[in-house]
Amino acid sequence: MSSQTKEELDAFRAEVAAYLDTAPTDAIREAGRKTTSAFAPFEQGAAWQAILNEKGWAAPDWPEEYGGTGWSAEQRTIFEEEYRKQDLPPLLPNSLKMVGPLLIDLGTEEQKAKYLPRILSGEDYWTQGYSEPNSGSDLASLKCSAVADGDDYIIDGSKIWTTFAHKSNRMFMLVRTSNEGKKQQGITFLLLDRTDFAGMDVRPIKGLDGHAEFCEVFFDNVRVPQSGRVGAENEGWSVAKHLLKHERNGSANSPVLVRYLKRITEAAQDETSPFGGKLSDDPVFQRDLGALHADVTTLAQFERLIMGGHEMINDPALPSIAKTMNSELIQRVSVMMTRVAGLEGLSMQLDALAVGSGVDPMGSELDLISMPFYLNSRATTIYAGTNEVQRDLIARSLQIA
Amino acid sequence: MSSQTKEELDAFRAEVAAYLDTAPTDAIREAGRKTTSAFAPFEQGAAWQAILNEKGWAAPDWPEEYGGTGWSAEQRTIFEEEYRKQDLPPLLPNSLKMVGPLLIDLGTEEQKAKYLPRILSGEDYWTQGYSEPNSGSDLASLKCSAVADGDDYIIDGSKIWTTFAHKSNRMFMLVRTSNEGKKQQGITFLLLDRTDFAGMDVRPIKGLDGHAEFCEVFFDNVRVPQSGRVGAENEGWSVAKHLLKHERNGSANSPVLVRYLKRITEAAQDETSPFGGKLSDDPVFQRDLGALHADVTTLAQFERLIMGGHEMINDPALPSIAKTMNSELIQRVSVMMTRVAGLEGLSMQLDALAVGSGVDPMGSELDLISMPFYLNSRATTIYAGTNEVQRDLIARSLQIA
Amino acid sequence: MDFSQTDEQKMLQESVKRLLERSYDFETRQKMLQSGRPWSPEIWEALAEMGILGLPFAEEVGGFGGSMADVVAVAEPFGAHLLIEPYVSSILLAGQCLAQSDSPAAQAQLAKIVTGEQTAAFAHEEGKGTADPALVSLAATEAEDGFTLSGEKRMVLGATQADTLVVSARTRGTAPDADGLSLFMVDPKQQGVSIRSFVTIDGRHAAHITFDGVQIPSDRRVADDAHEVLQTVISRAIVALCAEAVGAMGALLRQTSEYASTRKQFGAPIATFQTISHRLADMKIAYVKARSCLLYTTALMDAGRAGAPDISILKGQIGTLGREIGEAAIQTHGGVGMTDEVSIGHFHKRILTINALFGDSEYHFRAVGKSLATGGA
Amino acid sequence: MDFSQTDEQKMLQESVKRLLERSYDFETRQKMLQSGRPWSPEIWEALAEMGILGLPFAEEVGGFGGSMADVVAVAEPFGAHLLIEPYVSSILLAGQCLAQSDSPAAQAQLAKIVTGEQTAAFAHEEGKGTADPALVSLAATEAEDGFTLSGEKRMVLGATQADTLVVSARTRGTAPDADGLSLFMVDPKQQGVSIRSFVTIDGRHAAHITFDGVQIPSDRRVADDAHEVLQTVISRAIVALCAEAVGAMGALLRQTSEYASTRKQFGAPIATFQTISHRLADMKIAYVKARSCLLYTTALMDAGRAGAPDISILKGQIGTLGREIGEAAIQTHGGVGMTDEVSIGHFHKRILTINALFGDSEYHFRAVGKSLATGGA
């Protein structure tokens with residue numbers, strides 16, 4: 001329970017609000033408004049992280065000794081809420097929500113000292129090397145191999161869906177170090193200090209929205225030091241499972257949806273219904289908005305129960321339930337956004353979308369992001385374990401053996 | 001293509017309309033208005049069939065030599081349309097759509113002569129003995145056994161979901177005559193001349209709507225003549241598959257849905273929206289009605305393409321597609337009906353529902369049937385092969401081996 | 001806000017569960033229904049003895065000053081056991097209306113309700129449902145020394161056995177004015193009151209009640225300017241009804257999981273077929289959503305921060321998610337799920353009933369959207 | 001009504017398919033898009049030679065008097081190959097508007113369109129979409145010897161390469177009056193016309209066009225009282241667009257079935273997982289529904305019996321079912337389906353575009369319901 005009084009929390013809220021009103025640059029704000037993905041525009045995301053880090057607020061979730069804020073659950077919620085009252089870019093999740101917490105839990109002291117500060121400052125960006133062209137849902141079938149050679153591993157194979165690999169300077173990955181036993185055995189978790197080792201080749205892949213957000217990375221006899229290993233050799237599967245816990249259970253996902261819905265609702269004040277009157281006064285719009293808002297609210301309620309330590313936190317299916325709910329809601333919100341954008345969503349406007357381009361969008365800024373956001377959000381039910389895999393896991397929790 | 005001119009078809013329509021305006025008794029009309037299932041109230045359904053049979057119109061789909069009408073596809077459609085302009089009870093399907101066509105295709109001359117006329121006249125009602133308590137979707141695992149003994153079979157076991165078994169005088173059933181080979185082998189198709197053979201016990205099962213529409217039938221050393229067999233011994237599975245074709249592909253299902261939607265639309269003229277004004281003027285009602293009407297119309301379009309001999313008729317998945325579409329639409333229409341009924345749908349009114357009871361319903365007649373219809377229609381995705389089984393079959397048609 | 005049950009709530013819930021498991025299993029309930037009895041006086045007495053009837057009332061009137069969370073703790077097992085007794089109608093609706101009143105008649109009546117000696121029914125909904133109290137139009141015309149009631153109330157739960165009716169009526173204005181509403185205590189045996197009783201699909205006894213020039217003395221008006229009282233009382237009753245529904249959903253999820261794990265077709269438990277297992281997963285997601293929304297809204301209410309949109313979100317979610325779970329449970333059970341003999345369909349009918357009372361999910365979702373789009377939420 | 005293709009239609013469709021398979025495979029199309037070319041003049045010429053450009057026009061203007069079913073027969077393969085050429089915009093929209101006119105200027109222009117020598121674009125939609133022509137508000141003010149156009153048209157397909165624009169405008173009244181609409185032929189290079197070009201998500205070139213006091217001589221007005229002409233022309237174009245969408249849906253169904261049958265995870269083709277196989281089944285059901293609705297509505301149109309609700313049902317169904325199929329195809333393909341490199345997402349974007357043009361499925365379903373509930377259908 002909270003150790004702060006209502007007055008202290010109000011003061012904290014005021015402090016956060018004041019800071020967020022002044023700290024971000026215009027480019028960072030523009031990047032926030034133009035975010036169409038879980039991944040903000042890269043450069044502005046990194047710049048924003050550096051600014052937050054100077055304030056000491058880059059990673060509220062982390063333990064204080066590693067650069068966290070030491071905030072209470074209420075304070076973290078207040079920070080999230082205030083953050084989402086503005087259109088600020090989300091911080092890039094791979095480093096802060098995945099590698100960082102993992103190293104804090106399982107890394108060596110050397111690894112922590114070397115990597116954590118540069119994660120906080122945004123100097124390092126870690127791309128995730130998990131999936132392979134033939135290992136998607138069936139991740140454990142991965143084949144990209146690492147063969148020990150002296151103090152090094154020699155890596156051969158390829159990784160795909162490595163988000164922002166072409167902008168990253170570091171990579172965490174799963175490699176096959178043994179073909180013995182079950183496929184989950186024989187997997188090792190590696191940290192790569194660079195993404196330009198000799199023999200590494202990064203090919204950006206253009207997505208449906210016209211952006212290259214993810215990449216394929218090819219490894220041809222790439223030599224990397226064994227010191228980058230996290231956990232023991234052939235124990236990488238359990239390291240990855242540990243990390244997934246952080247990825248899925250990291251923090252509140254509802255505030256960003258609340259923000260998008262608010263933008264949609266505001267936009268509807270300026271739109272005309274084809275049946276006459278303002279779109280915001282249209283009963284069908286109101287009904288659909290209400291149903292969607294109810295589900296977003298329930299996601300928030302669920303998240304607050306979890307953060308408040310409700311006993312359902314012990315349910316092993318919880319991360320899968322959270323992932324399923326969140327991803328499917330993102331998609332529904334994105335559809336609602338395209339409904340409001342109408343025809344205006346049909347034009348490709350990569351130039352106007354680029355932060356700092358100075359190109360005005362042809363419609364509103366919400367119209368501008370609607371279709372890229374919709375298209376990009378189709379991936380939410382695919383990445384981080386498809387929702388089919390999640391439902392398998394949820395169902396498993398219901399089995400009466 | 002039609003051999004009739006537009007004038008001939010118009011004259012035919014007028015003849016049908018005039019007949020349907022006068023032929024049904026009040027009780028039959030009341031039964032029609034109070035039908036909440038694919039099965040009309042039993043007694044009035046049979047009475048109506050007898051009347052239609054006198055006119056020669058009991059089975060328009062049958063070949064003329066067995067009592068069919070010899071109508072063209074257009075005439076059959078016209079008959080269906082005129083039939084559905086009034087709230088007339090559907091004819092009980094088991095006999096007319098299942099056993100009749102099956103006997104016409106596969107029965108012996110003796111069987112045809114003995115059974116077909118009494119099916120047409122409504123004197124005989126055939127209940128279906130397929131499912132067993134442990135053999136539902138997995139019908140081929142059925143265990144109810146028939147052991148040859150002289151010219152007879154001795155039946156032991158039980159059948160369930162036998163619709164109107166407690167009102168029927170005949171039964172067609174699948175029995176196990178052999179345990180050799182695959183489970184589909186060793187099944188035999190039997191006609192039972194009576195449903196009160198010594199050792200037969202019929203237990204009606206009350207449904208969610210409070211009606212006993214289906215039954216469980218127990219067989220304890222029941223002796224029946226082997227002459228009731230259709231097809232060869234152990235060949236019953238292919239006989240049943242042949243029959244399923246008739247069940248699923250029999251005739252147009254959309255007209256009854258069109259009728260229900262019309263009743264809903266008319267009722268909405270008399271209802272008030274909680275947001276003010278008439279329900280029929282409420283945009284949300286209009287949108288939902290429009291989407292549902294579009295789907296009902298598309299079912300009708302699909303059915304007319306099939307009746308018109310479009311090449312898609314050769315698709316082996318067609319019966320499953322038709323069954324899936326139809327059953328899920330019935331359910332959606334029934335939900336819409338309960339929405340219009342509101343609170344009025346919550347009262348159990350078995351007395352008012354009983355044809356001829358003289359008890360006035362507490363709300364409108366549509367309110368009266370809404371909840372029983374909704375509850376009963378939950379079965380449409382379960383019976384005649386669950387929709388899960390249907391989707392398995394549809395998917396099979398897409399497999400690229 | 002705290003969302004976990006206190007130890008006291010856990011004990012309370014456990015004791016209710018034990019009582020119902022002992023005396024209110026599904027077969028016992030069905031036998032009572034088939035006998036035509038509108039309720040079990042024995043259970044009512046047991047609930048009175050346990051203090052459950054007095055739970056939501058202040059100590060001054062013999063209650064225990066329980067919170068919304070306390071009521072939710074008992075209402076969940078009520079739903080899981082398909083209770084037909086008039087807890088919501090007599091205690092949370094009629095009783096709470098009386099409790100908001102300082103009229104001596106109301107207080108005297110309330111005392112009998114708290115002890116379980118008598119029950120009351122809340123005659124409020126009209127037409128096909130009265131989602132907003134402002135839509136009430138039953139007329140209370142001022143007359144000599146009182147009022148004359150004329151009009152109809154529908155779906156009055158627990159009316160059959162009620163000793164008194166608490167009736168919402170309009171002394172002035174027309175629907176949808178929030179102004180001009182009053183609450184009256186009416187003796188159901190009074191002249192001009194006609195009661196048409198029936199059983200609801202979820203087994204509760206209820207009635208449509210016609211008031212034909214019913215004379216009510218002034219001192220039986222227990223509240224005027226009653227819109228706010230009605231909203232407060234109905235909001236709390238909605239939370240309790242939703243807790244009943246969540247109890248029913250939990251039972252459906254548990255029973256359907258069990259059935260799917262034991263029922264075999266094609267040589268394997270049907271839970272091993274991915275379509276079934278994913279449907280079970282969807283049921284669980286729906287249940288987690290429903291329960292999260294219930295517990296959060298309950299906490300909001302106890303913190304005095306539950307506005308109309310919060311109640312609408314809860315009511316809308318429960319109706320929608322409950323239907324989803326109920327329909328999935330029936331489909332998974334197959335033919336067996338279509339019968340009156342197993343509890344599955346009864347749970348579903350309970351959920352459908354709760355959805356239809358006090359505005360269905362369609363109404364409430366739209367109310368939420370309207371409030372949002374016009375800047376209200 | 002007959003719903004099966006005639007032998008002539010089969011031949012026509014086959015020849016279009018062969019042409020596109022030869023010259024318009026996905027890689028070729030993508031290269032053209034990447035090059036920034038708004039179309040392939042070679043394909044356009046080939047279509048002209050095959051008589052496809054003249055297909056829907058009367059023989060007097062060099063056409064072939066084709067039926068709606070004929071157009072549908074060629075539009076399905078257009079959709080299956082993601083054609084970016086302005087067949088709908090130049091032939092079925094602008095061209096058909098001109099064909100309805102007896103003005104000499106219109107006839108002269110039409111002759112060039114039919115031969116493929118020139119193309120035209122239809123400048124009609126405004127704001128975020130103009131579901132009903134009566135909503136047009138671009139002003140055509142009477143001026144000396146003609147009209148002055150002022151206002152904006154959006155999402156003018158094929159505007160980039162068009163030699164002439166056919167513009168809907170209002171000479172009197174205000175939206176939503178059906179009265180007072182006219183059609184004008186405008187030279188895109190004329191003073192006061194500003195064109196902001198862009199590429200649509202489905203690869204078509206289009207523009208927003210501003211008219212700032214553009215002077216139009218009277219003889220360039222090709223229709224007045226044009227609401228009915230607009231409705232007729234747009235209805236036929238909608239059917240053709242829906243045929244494109246159905247072509248795209250068929251391609252998605254086929255390619256996704258193939259992918260699911262070959263892509264292995266957990267040691268088996270993913271089509272063997274019941275969730276995937278049932279999703280494929282749902283895609284097929286959606287496709288059968290979409291195609292049934294298309295063919296039936298086409299036959300209705302050729303029989304002169306397609307009313308506004310019939311067109312709305314088709315447009316609504318195609319938008320809804322198409323989205324369903326497209327989203328299912330992407331999900332089934334997983335990450336690969338999210339890339340620009342395979343055709344799956346491009347088909348989906350084609351379907352989304354068609355849904356948004358001339359009123360989306362939400363609009364049309366509601367229009368159907370409104371018409372029904374108010375006794376119109």
Side-chain angles (χ1 to χ4, degrees), chain B residues 131 133-141 160-161 183 205-214 271-276 279 282 284-285 288 331 335 338-352 362-363 367 371-372 374-376 378-379 381-383 386-389 391-392, chain C residues 125-132 135 154-155 175-176 196-204 206-208 263-268 270 273 275-276 279 323 326-327 330-341 344-346 348-349 352-353 355-360 362-363 365-367 370:
Chain B
S131 294
N134 290 313
S135 301
S137 289
D138 184 12
L139 182 58
S141 70
I160 198 163
W161 320 132
K183 61 189 176 182
I205 302 173
K206 190 153 74 152
L208 296 185
D209 54 5
H211 282 287
E213 191 172 273
F214 39 58
E271 299 293 340
T272 309
S273 160
F275 292 92
L279 183 59
D282 185 305
V284 173
F285 173 78
D288 294 351
Q331 294 184 341
V335 170
T338 58
R339 262 173 72 178
V340 174
L343 278 187
E344 214 56 59
L346 299 186
S347 44
M348 289 288 270
Q349 300 189 63
L350 291 177
D351 48 358
M362 292 190 275
D367 296 337
M371 188 57 74
Y374 165 80
L375 292 170
N376 190 292
R378 301 315 310 164
T381 50
I382 297 170
Y383 62 51
T386 64
N387 284 23
E388 289 82 1
V389 168
R391 285 192 164 81
D392 283 343
Chain C
E125 300 224 49
E126 300 177 4
K128 293 203 164 176
T130 307
D132 179 340
L135 296 172
R154 291 182 87 80
M155 197 51 64
R196 182 166 177 181
S197 298
F198 53 86
V199 180
T200 61
I201 54 168
D202 70 336
R204 307 192 207 233
H208 298 326
R263 165 78 173 175
K264 286 187 181 179
Q265 289 286 275
F266 304 103
I270 61 173
F273 294 94
T275 302
I276 305 288
R279 190 188 295 136
R323 178 189 292 275
E327 292 181 350
I330 292 172
Q331 183 71 22
T332 306
H333 277 78
V336 168
M338 290 298 301
T339 70
D340 188 71
E341 297 171 1
I344 299 303
H346 296 275
H348 187 47
K349 289 190 277 189
L352 293 173
T353 303
N355 179 48
L357 295 169
F358 301 114
D360 67 3
E362 282 298 320
Y363 171 82
F365 282 152
R366 182 160 157 196
K370 188 174 180 178

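A note on names: the letters A, B, ... follow the listed sequences, proteins ahead of strands, and every chain is numbered from 1.
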Trainee: Heavy-atom pairs under 4.5 Å with chain C - which of B:Gly363, B:Ser135, B:Ala341, B:Ala212 has more of them than the others?
Mentor: B:Ala341

Trainee: How many angstroms lie between CE in B:Met371 and NZ in C:Lys349, if you round to the nearest 0.5 Å?
Mentor: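 Output value for this atom pair is 9.5 Å.
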
Trainee: Chain B heavy atoms under 4.5 Å from C:Ile330: which part of the residue, side chain, backbone, both or neither?
Mentor: both

Trainee: For side-chain contact (heavy atoms from CB on, under 4.5 Å), just list the numbers for C:Thr339 and B:Trp161, CA-CA rounded to whole Å, side-chain angles, deciding distance to a tenth of an Å, and then say yes or no.
Mentor: CA-CA 10 Å; C:Thr339 70; B:Trp161 320 132; 3.7 Å; yes

Trainee: Which bit of C:Leu352 comes within less than 4.5 Å of chain B, counting heavy atoms only: side chain, backbone, both or neither?
Mentor: both

Trainee: Which residue out of B:Ile205, B:Thr272, B:Asp138, B:Asn376 racks up the most heavy-atom pairs below 4.5 Å with chain C?
Mentor: B:Asp138

Trainee: Just verifying a value: how many Å separate C:Ile201 CD1 and B:Leu208 CG, rounded to the nearest 0.5 Å?
Mentor: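 So the gap between those two atoms works out to 10.0 Å.
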
Trainee: Do any pairs count as a salt bridge (charged side-chain N to carboxylate O under 4.0 Å, His left out) and have a residue in residues 205-214 of chain B, sequence neighbours left out, and if so which ones?
Mentor: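 Counting only pairs at least two positions apart or across chains, the salt bridge (charged side-chain N to carboxylate O under 4.0 Å, His left out) contacts touching residues 205-214 of chain B are B:Lys206-C:Asp340.
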
Trainee: Can you tell which of C:Ala367, C:Ala175, C:Gly335 has the highest number of heavy-atom pairs within less than 4.5 Å of chain B?
Mentor: C:Gly335

Trainee: Looking at chain B, which one of C:Lys264, C:His346, C:Glu341 has the largest number of heavy-atom pairs inside 4.5 Å, strictly under?
Mentor: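 Among C:Lys264, C:His346, C:Glu341, the one with the most close pairs to chain B is C:Glu341.
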
Trainee: Which bit of C:Arg204 comes within less than 4.5 Å of chain B, counting heavy atoms only: side chain, backbone, both or neither?
Mentor: neither

Trainee: At what distance, to the nearest 0.5 angstrom, does CG of C:Asn355 lie from CZ of B:Arg339?
Mentor: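 Here the interatomic distance stands at 10.5 Å.
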
Trainee: Do you know which of B:Met362, B:Glu344, B:Met348 has the most heavy-atom pairs with chain C at a distance under 4.5 angstrom?
Mentor: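 Going by pairs under 4.5 Å, I would pick B:Met362.
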
Trainee: Which residue out of C:Met155, C:Gln331, C:Arg323 racks up the most heavy-atom pairs below 4.5 Å with chain B?
Mentor: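 Highest number of heavy-atom pairs under 4.5 Å: C:Gln331.
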
Trainee: Could you tell me which residues satisfy side-chain hydrogen bond (donor to acceptor under 3.5 Å, both in side chains) with B:Glu271, sequence neighbours excluded, listed by chain and number?
Mentor: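 Testing B:Glu271 for side-chain hydrogen bond (donor to acceptor under 3.5 Å, both in side chains), a comparison that skips the adjacent residues, returns C:Lys128.
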
Trainee: Considering only heavy atoms and a distance below 4.5 Å, find which of B:Gly136, B:Gly342, B:Ser131 pairs most often with chain C.
Mentor: B:Gly136

Trainee: Could you give the distance from OG (B:Ser273) to CD (C:Glu362), rounded to the nearest 0.5 Å?
Mentor: 11.0 Å

Trainee: I'd like to know which of B:Leu375, B:Asn387, B:Ile160 tops the heavy-atom pair count under 4.5 Å against chain C.
Mentor: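 Result: the option with the highest number of such pairs is B:Leu375.
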
Trainee: Please identify, among C:Gly337, C:Ala206, C:Gly334, C:Ala131, the residue contributing the most non-hydrogen atom pairs under 4.5 Å to chain B.
Mentor: C:Gly334

Trainee: Which answer fits C:Met338, side chain, backbone, both or neither, if we ask what part of it has an atom under 4.5 Å from a heavy atom of chain B?
Mentor: both

Trainee: Side chains of B:Asp282 and C:Arg366: closer than 4.5 Å at any heavy-atom pair?
Mentor: yes

Trainee: Of the backbone (N, CA, C, O) and the side chain (C-beta and beyond), which part of C:Phe198 lies under 4.5 Å from a heavy atom of chain B, both, or neither?
Mentor: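 The answer is the side chain of C:Phe198.
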
Trainee: Rounded to the nearest 0.5 Å, how far does OG1 of C:Thr130 lie from CG of B:Leu343?
Mentor: 7.0 Å

Trainee: What part of C:Thr353 lies closer than 4.5 angstrom to a heavy atom of chain B: side chain, backbone, both or neither?
Mentor: both

Trainee: Could you measure the distance from the CZ atom of C:Arg196 to the OG atom of B:Ser347? Nearest 0.5 Å is fine.
Mentor: 8.5 Å

Trainee: Need one label for C:Ile344: side chain, backbone, both or neither, based on atoms under 4.5 Å from any heavy atom in chain B.
Mentor: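 No part of C:Ile344 comes within 4.5 Å of chain B.
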
